[in-house]
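Worksheet: one structure, shown below.
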4 protein chains.
Amino acid sequence: MAEKQSNKRQTILDASLILFTDRGFHGTPTSLIAKEAGVATGTLFHYFKTKEELIDTLYLEIKKESGSVLEDAASCGDSCREKLDNVSNALADWGLDNPRKIYFMQQFCYSPYISSTAQEEGVANFAFLTDLIRTGIKEGWLRDYPPELIRSIVSSALMDSVLMAARESDPRVQREVLKQSIELVLHGIVNE
Amino acid sequence: MAEKQSNKRQTILDASLILFTDRGFHGTPTSLIAKEAGVATGTLFHYFKTKEELIDTLYLEIKKESGSVLEDAASCGDSCREKLDNVSNALADWGLDNPRKIYFMQQFCYSPYISSTAQEEGVANFAFLTDLIRTGIKEGWLRDYPPELIRSIVSSALMDSVLMAARESDPRVQREVLKQSIELVLHGIVNE
Amino acid sequence: MAEKQSNKRQTILDASLILFTDRGFHGTPTSLIAKEAGVATGTLFHYFKTKEELIDTLYLEIKKESGSVLEDAASCGDSCREKLDNVSNALADWGLDNPRKIYFMQQFCYSPYISSTAQEEGVANFAFLTDLIRTGIKEGWLRDYPPELIRSIVSSALMDSVLMAARESDPRVQREVLKQSIELVLHGIVNE
Amino acid sequence: MAEKQSNKRQTILDASLILFTDRGFHGTPTSLIAKEAGVATGTLFHYFKTKEELIDTLYLEIKKESGSVLEDAASCGDSCREKLDNVSNALADWGLDNPRKIYFMQQFCYSPYISSTAQEEGVANFAFLTDLIRTGIKEGWLRDYPPELIRSIVSSALMDSVLMAARESDPRVQREVLKQSIELVLHGIVNE
DNA sequence: TATGAATGAGGATTCATTCAT
DNA sequence: CATGAATGAATCCTCATTCAT
């Protein structure tokens, strides 16, 4: 009932994620995306006016998805501290399930390929994190540093760690690597 | 006196760094690099067999330069702790002086555009950092976590911070941002 | 009515034959072929993945056409001797009508430009000739020499003669030259 | 005393013959010729003003060499008939010793790459053959056909045969193939 | 003579995008 | 909605040739 929209659109986005992370933007012709998605080249341009729009869309959808995953995690905690722990763990879980999405964000977040408007829109999905940090500082258990800076450091360190962990083959090792990363990073920002 | 060798090679590398960080690999035709460097297109290919070789070379030279800057800083400290501080500060200083080089490394370090052999060669320049960390752990003042993981977290967090800082216009603010970042990051990895 | 398939492919092949025989492979840019054929450069590469594939295709189509012309001629004779005469005359007729095709084959048959697989495929179209010669030898009226050798000598001599004849302007002279060539060549291979 | 001219010129011509027959004109950059010849690119252009001049020169030298080999052979016979036999055998001998030179002539004699003046000059070296044939016709033992046509047929058939023979590995087989070819071809042009 | 760095016009090929069906 | 043939501007790279040393 709800999922009316042709599934071709999603098929194209799925194929794009794989191809872009494997071969980069430039290394991925639209014709190849269409072929892998099993549609005609013209069809791709029905759903996305240009290649850039396709890229932006994919970027935003991933940003949105990860943002809401983390926001859900935050809402499941009672204390602010607990919320931050939940968020960290949720990022680890989701990242290990979706390493390509993490890779995509890391690889291209500063890329000139992504339009700056998409860039800004994407970042907006994580505004709640800054708020969370701000609260933690007020409560005194987070060190008193610029919330934006804390958020930036935490997220870049954790995203990189997810990528490191994803390179391990044993899931137990993956989880261990991320657990340690979280400990290291959070230890840096809490008092005591 | 001594540096006879044609400077065109270096001119091409310099122009490439600016163009690549402004416009990305794909957005930078070799013809434009040649034009900006003030040489003929053929000359570019005289020094670099392909565009990819140019990219790899630039990547490796930057990795090498930054590696040796940090290594020099490390050698100027007496204690291991002092060495680590010096390295952190050196990264901040060099990064603020060469934000494009940081940007280049961040933007492309996982990029499919850079050959994996160049990737590996580049990483080798930072092996001494892992050793330094290992020593710190043995001495007891660094927390006992996998040295590779610590190095990865510190470097990704600091490089990101350099980029944040570089966006500030006031040099004083830039230095302050980086000072805070170093405090946050190091606090995460030392005991107590 | 039936030939729906875009005729652009054939247009490109036709233009190629003229240009290649006039200017050689190297002297014929793909852009010029496209222009003469009245299509966009991209279209040429839509039908032929590379310039070499275009060349191979043209070579093979000509070999196939000439092969089937000669085979048809052979099938129209009662005796083996008659078949051989028919084949010789058919080569003369077809050659005078299509001197460029003869020229193309002569000029490039051993050329490094044509892939060796195309080379072999092309030769296969004339296998029936060797069989014909073999029969003639068994019947006793052809001299007992290696059939392959006979075929090679006859065809190289006649093809060259077609080219000589084609240089004459008067069709009557052309026919006379070829009649004489056939007499000379066949006289060399028959007994008595 | 006599061989003053720098041997580099000859070295370049030697390298050219090998490269041109292996890779064709277009597939052989002047830089590669220079490298194989062990000289600088500039040196090549000291001896040959352009690439075309190099090609023409090589073509003419080969034509001249083969022409004089055949002319020498002709001069060693008493009767006209004997001369023709000697010429045929000399072509076979020289061809087997220099298959690349035969190949070069065959591959490129009609090529648009060779200037038409070089073409004509080259053919001039074989004028004596036409005279020889003309004499043979007058003497009555050669069939009365246009001498030019006879010469053309004989030479194209024999050159092709040399190439066929050269593909054989056993020298004995090579000689046998050529002996048979000569028998076939000459049988076509003599009376009786 | 000999060198080889430098040149830049030219050429094969790619690919985002359109549009008639 | 869907198709895929057609387009042609744009790009990477080659290579004959020059010239300062």
Side-chain angles (χ1 to χ4, degrees), chain A residues 5-6 8-9 25-35 37-55, chain B residues 4-9 12 25-35 37-54, chain C residues 4-9 12 25-35 37-54, chain D residues 5-6 8-9 25-35 37-55:
Chain A
Q5 288 113 302
S6 165
K8 301 212 171 188
R9 203 190 97 106
F25 282 115
H26 179 219
T28 306
T30 51
S31 58
L32 182 58
I33 298 173
K35 191 207 262 185
V39 303
T41 60
T43 306
L44 188 153
F45 287 92
H46 261 296
Y47 290 101
F48 309 96
K49 255 198 304 267
T50 65
K51 187 183 188 182
E52 200 191 334
E53 189 179 304
L54 164 62
I55 293 170
Chain B
K4 260 284 116 77
Q5 286 111 301
S6 169
N7 58 327
K8 303 215 169 191
R9 204 190 98 107
I12 292 167
F25 281 117
H26 179 217
T28 306
T30 51
S31 59
L32 183 58
I33 298 173
K35 192 205 263 185
V39 302
T41 58
T43 306
L44 188 155
F45 287 96
H46 184 69
Y47 288 101
F48 308 97
K49 260 197 298 272
T50 63
K51 189 183 186 181
E52 198 191 333
E53 189 179 304
L54 165 62
Chain C
K4 260 284 119 74
Q5 286 112 300
S6 168
N7 58 325
K8 304 214 169 191
R9 204 189 98 106
I12 292 167
F25 281 118
H26 178 219
T28 306
T30 51
S31 57
L32 183 58
I33 298 173
K35 191 205 262 185
V39 302
T41 59
T43 306
L44 187 155
F45 288 94
H46 184 68
Y47 288 102
F48 308 96
K49 261 198 298 273
T50 63
K51 189 183 187 182
E52 198 192 333
E53 190 178 304
L54 165 61
Chain D
Q5 289 112 304
S6 164
K8 301 212 170 186
R9 202 189 98 104
F25 282 113
H26 180 219
T28 306
T30 51
S31 58
L32 182 58
I33 297 173
K35 191 206 263 183
V39 302
T41 60
T43 305
L44 188 154
F45 286 92
H46 261 298
Y47 291 101
F48 309 96
K49 256 199 303 271
T50 65
K51 188 184 188 182
E52 200 192 334
E53 189 179 305
L54 164 62
I55 293 170

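Since we're looking at a predicted model, the values are computed, not measured. Reminder, nothing fancy here: chain letters follow the sequence lines and each chain counts from 1.
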*Answer yes or no: is there a donor N or O on one side and an acceptor on the other, between the side chain of D/K8 and the main chain of D/Y47, under 3.5 Å?*
no

Between [X] ([atom1]) and [N] ([atom2]), how many Å, whole number?
{"X": "D/I33", "N": "E/dG4", "atom1": "CD1", "atom2": "P", "result": "17 Å"}
{"X": "B/K8", "N": "E/dA6", "atom1": "NZ", "atom2": "C1'", "result": "6 Å"}
{"X": "D/L44", "N": "E/dT1", "atom1": "CG", "atom2": "C1'", "result": "14 Å"}
{"X": "B/L32", "N": "F/dA10", "atom1": "CG", "atom2": "P", "result": "13 Å"}
{"X": "B/F48", "N": "F/dC12", "atom1": "CZ", "atom2": "P", "result": "15 Å"}
{"X": "B/E53", "N": "F/dC13", "atom1": "CD", "atom2": "P", "result": "10 Å"}

*State the OG1-CZ distance between A/T43 and A/R9, to the nearest 0.5 angstrom.*
14.5 Å

_Here's a test of your reading of the structure: between B/T43 and D/T43, which maps to the more 5' nucleotide of DNA chain E?_
D/T43

*With A/H46 via ring-ring contact (aromatic ring centres under 6.0 Å, His included) - residues at least two apart*: none

*So what is the 5' to 3' dot-bracket string for DNA chain F, if pairs are Watson-Crick or G-U wobble with both distances under 3.5 Å, crossing pairs use [ ] and | means the partner sits on another strand?*
.||||||||||||||||||||

*With the sugar-phosphate defined as primed atoms, P, OP1 and OP2, and the base as all remaining atoms, what B/S/- string results for nucleotides 15-21 of chain F, 5' to 3', for protein heavy atoms under 4.0 Å?*
SBBB---

*Could you tell me which non-hydrogen atom of C/T50 sits nearest to which non-hydrogen atom of C/F45, and how far apart they are?*
CA-CE2, 4.1 Å

*Taking all non-hydrogen atoms of both residues, which atom of C/I12 and which atom of C/F48 are closest, and how far apart?*
CG2-CE1, 3.8 Å

*Phosphate OP1/OP2 of F/dT7: any C/K35 side-chain N/O under 4.0 Å*: no

*To the side chain of B/Y47, which of F/dA6, E/dG8, E/dA5 is closest?*
E/dA5

_So A/T30 and A/T41, do their side chains get closer than 4.5 Å, heavy atoms only?_
no

